[in-house]
Colleague: 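Have a look at the structure that comes next, please.
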Amino acid sequence: MKMYSPTEISEVLEFLQEHKESGILLAGGTDLIVKYKEQSLPYDFICNILKVEKLKYIKEDEDSLKIGPLVTHEELMESSLVQKHIPVLRDACKTIGSPQIRNRGTIGGNIGTASPAGDTLPALTALGASLKTISIEEERIVPIKDFFRGPGKTILKENEMIKEIIVPKMKEEKGFYTKLGSRNALAISITGVAAKVKCKGQGFEKVEVAFGSVGPTVIYKRVKELEKSNFTKQKLWDAVQCIKEQIYPITDVRATAEYRKEMCANLLYEGLNKILDYNSII
């Protein structure tokens with residue numbers, strides 16, 4: 001297997017154009033290197049893009065943050081812009097693997113791997129993120145909720161890469177990401193829940209939720225059953241049960257489908273309950 005290490009985006013695009021089926025990009029390697037060591041990597045060429053400095057940035061404009069795909073999970077956690085404007089993504093990055101993985105793994109790699117258990121994916125989906133993709137032929141912007149096609153599968157063409165992640169700022173909204181794993185550290189999520197909500201009194205005007213690890217791709221829902229102005233804890237608990245009828249998880253070695261449904265409702269309740277408690281204090 002042959003390795004390339006370009007320093008310019010144009011060189012990466014030339015690599016993709018030349019090695020459409022036989023090449024792959026390395027943007028951190030926390031998943032790719034494992035597959036390489038297992039000799040399960042069906043490619044002849046690897047393009048290590050970690051030296052492309054123009055893909056490492058976090059910038060803001062009036063309405064959004066723009067993130068380069070080579071920003072690491074640790075850098076996202078430490079970013080004051082992320083903490084101020086999209087704390088849901090910070091919550092998600094905190095749950096990823098070990099410090100070593102968070103320092104090596106990148107947001108672009110996490111998205112490109114397209115694992116249903118990828119922790120940043122529900123957060124970005126609930127936040128309404130879009131992806132700017134680029135090839136030699138064109139640039140395009142795709143909503144992230146339309147990006148995934150199945151485990152390890154995306155709409156990216158063979159000669160195309162992620163150039164930028166665009167995330168709308170949370171202004172009036174609140175949100176959270178939380179997950180359930182088999183242990184506290186280094187655990188693949190059994191289910192992960194992200195939410196962005198607009199509060200209205202002791203309730204919600206708008207509720208957007210994304211679930212990870214409960215289907216072949218992240219599941220996005222606008223939950224209108226929760227868009228009410230007044231909730232007691234019991235009424236909120238009763239209302240979140242509707243989510244069990246809106247997701248269709250699988251049973252596998254880590255959990256049954258019924259357990260995942262129960263945990264999705266529980267995690268959603270816990271997160272929304274904290275928001276309402278906080279909202280009532282201020």
Side-chain angles (χ1 to χ4, degrees), residues 1-61 64-82 89-90 92-93 96-115 118-121 124 129-142 144 147 152 154-167:
M1 184 175 291
K2 189 170 182 179
M3 174 82 79
Y4 293 88
S5 295
T7 57
E8 299 293 336
I9 294 174
S10 60
E11 296 175 280
V12 180
L13 297 181
E14 289 170 6
F15 170 89
L16 289 170
Q17 188 70 19
E18 183 177 354
H19 304 291
K20 290 181 179 177
E21 296 180 355
S22 58
I24 189 169
L25 301 187
L26 185 153
T30 54
D31 290 309
L32 198 66
I33 297 302
V34 173
K35 292 178 182 176
Y36 176 76
K37 289 181 176 178
E38 293 174 346
Q39 299 183 333
S40 60
L41 204 57
Y43 300 101
D44 297 321
F45 305 95
I46 292 179
C47 183
N48 176 9
I49 63 174
L50 287 175
K51 293 182 179 178
V52 184
E53 294 293 332
K54 290 180 181 177
L55 296 176
K56 300 177 184 178
Y57 58 85
I58 302 175
K59 301 185 293 190
E60 70 170 323
D61 59 23
S64 64
L65 293 193
K66 297 181 177 179
I67 303 170
L70 294 187
V71 176
T72 67
H73 306 306
E74 186 68 25
E75 289 168 339
L76 289 166
M77 283 174 54
E78 298 298 324
S79 166
S80 58
L81 289 175
V82 171
L89 182 58
R90 182 175 181 270
C93 291
I96 293 174
S98 63
Q100 293 88 343
I101 291 174
R102 292 194 291 273
N103 273 296
R104 184 72 183 180
T106 63
I107 187 169
N110 204 229
I111 296 169
T113 299
S115 166
D119 288 303
T120 67
L121 309 189
L124 291 168
S130 296
L131 305 177
K132 181 183 288 185
T133 67
I134 186 171
S135 68
I136 280 184
E137 298 152 349
E138 63 175 346
E139 278 192 4
R140 56 181 178 146
I141 294 178
V142 183
I144 195 167
F147 184 74
T154 73
I155 65 164
L156 273 182
K157 300 173 185 175
E158 290 174 334
N159 65 342
E160 200 172 25
M161 63 180 285
I162 299 169
K163 185 181 181 185
E164 187 173 75
I165 299 100
I166 305 164
V167 191

Colleague: Look at the side chain of S135 and the backbone N and O of E137, then say whether any donor-acceptor pair between them is shorter than 3.5 Å.
Modeller: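 Such a contact is found between S135 side chain and E137 backbone.
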Colleague: Can you tell me how far CD1 of I9 sits from NZ of K54, rounded to the nearest 0.5 angstrom?
Modeller: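 Between K54 NZ and I9 CD1, I get 6.5 Å after rounding to 0.5 Å.
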Colleague: To the nearest 0.5 Å, tell me how far I67 CD1 sits from L124 CG.
Modeller: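 That separation rounds to 7.0 Å.
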Colleague: Can you name the nearest heavy-atom pair linking P6 to V12, along with the distance?
Modeller: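 In this case the closest contact between P6 and V12 is CG-CG2, 3.7 Å.
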Colleague: Check Q17 against I136 and note the closest heavy-atom contact, atom names and distance.
Modeller: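 Q17 and I136 have their closest heavy atoms at CB-CD1, 3.7 Å.
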Colleague: Would you give the length of the straight line joining atom CD1 of I166 to atom CD1 of I141, rounded to the nearest 0.5 angstrom?
Modeller: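 Answer rounded to 0.5 Å: 4.0 Å.
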Colleague: Go through the steps to decide whether L13 and K163 satisfy the test side-chain contact (heavy atoms from CB on, under 4.5 Å), and finish with yes or no.
Modeller: CA-CA 11 Å; L13 297 181; K163 185 181 181 185; over 6 Å; no
Colleague: Hey, could you give me each pair passing salt bridge (Lys or Arg N to Asp or Glu O under 4.0 Å) that has a residue in residues 65-74? Not counting sequence neighbours.
Modeller: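 Passing the test, one end in residues 65-74: D61-K66, E74-R102.
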Colleague: What's the spacing between I111 CD1 and L121 CG if we round to 0.5 Å?
Modeller: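 Answer for the CD1-CG pair, I111 versus L121, is 6.5 Å.
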Colleague: Taking all non-hydrogen atoms of both residues, which atom of C93 and which atom of H73 are closest, and how far apart?
Modeller: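 Where C93 meets H73 most closely, the heavy atoms are CB-O, 3.7 Å.
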Colleague: One thing to verify: whether K51 and E11 come together as a salt bridge, which I'm taking to mean a side-chain N less than 4.0 angstrom from a carboxylate O.
Modeller: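 Judged by the 4.0 Å cut-off on N to carboxylate O distance, E11 and K51 do not form a salt bridge.
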Colleague: Give, for atom CD of E164 and atom CG of L55, the distance between the pair rounded to the nearest 0.5 Å.
Modeller: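 These two atoms lie 10.0 Å from each other.
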Colleague: Give me the atom names and distance for the closest heavy-atom approach of V167 to I165.
Modeller: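 For V167 and I165, the tightest heavy-atom pair comes out as CG2-CG2, 3.9 Å.
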Colleague: At what distance, to the nearest 0.5 angstrom, does OH of Y43 lie from CD1 of I24?
Modeller: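 Answer for the OH-CD1 pair, Y43 versus I24, is 4.0 Å.
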Colleague: At their closest point, which heavy atom of L16 faces which heavy atom of M161, and how far apart are they?
Modeller: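 So the two residues come closest at CD1-CB, 3.8 Å.
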Colleague: Which label fits F45 and Y4: parallel for a plane angle under 30°, tilted from 30 to 60°, or perpendicular past 60°?
Modeller: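 Tilted.
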Colleague: Throw together a table of side-chain donor-acceptor distances under 3.5 angstrom for residues 75-82, partners on residues two or more places apart or in other chains.
Modeller:
residue: E75; atom: OE1; partner: T72; partner atom: N; Å: 2.9
residue: E75; atom: OE1; partner: T72; partner atom: OG1; Å: 3.3
residue: S79; atom: OG; partner: L81; partner atom: N; Å: 3.2
residue: S79; atom: OG; partner: V82; partner atom: N; Å: 3.1

Colleague: E138 vs K157, test: side-chain contact (heavy atoms from CB on, under 4.5 Å). Steps then yes/no.
Modeller: CA-CA 11 Å; E138 63 175 346; K157 300 173 185 175; 2.7 Å; yes
Colleague: What pairs meet the salt bridge (Lys or Arg N to Asp or Glu O under 4.0 Å) rule with one or both residues in residues 15-30, with sequence neighbours excluded?
Modeller: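 Listed by first then second residue: nothing to list.
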Colleague: State whether the side chain of T106 and the backbone N or O of A27 hold a donor-acceptor pair below 3.5 Å, judged by distance alone.
Modeller: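 Pair found, side chain donor or acceptor close to backbone of A27.
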Colleague: Looking at I46 and F15, what are the two nearest heavy atoms and their distance?
Modeller: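 Scanning both residues, the minimum pair turns out to be C-CZ, 4.0 Å.
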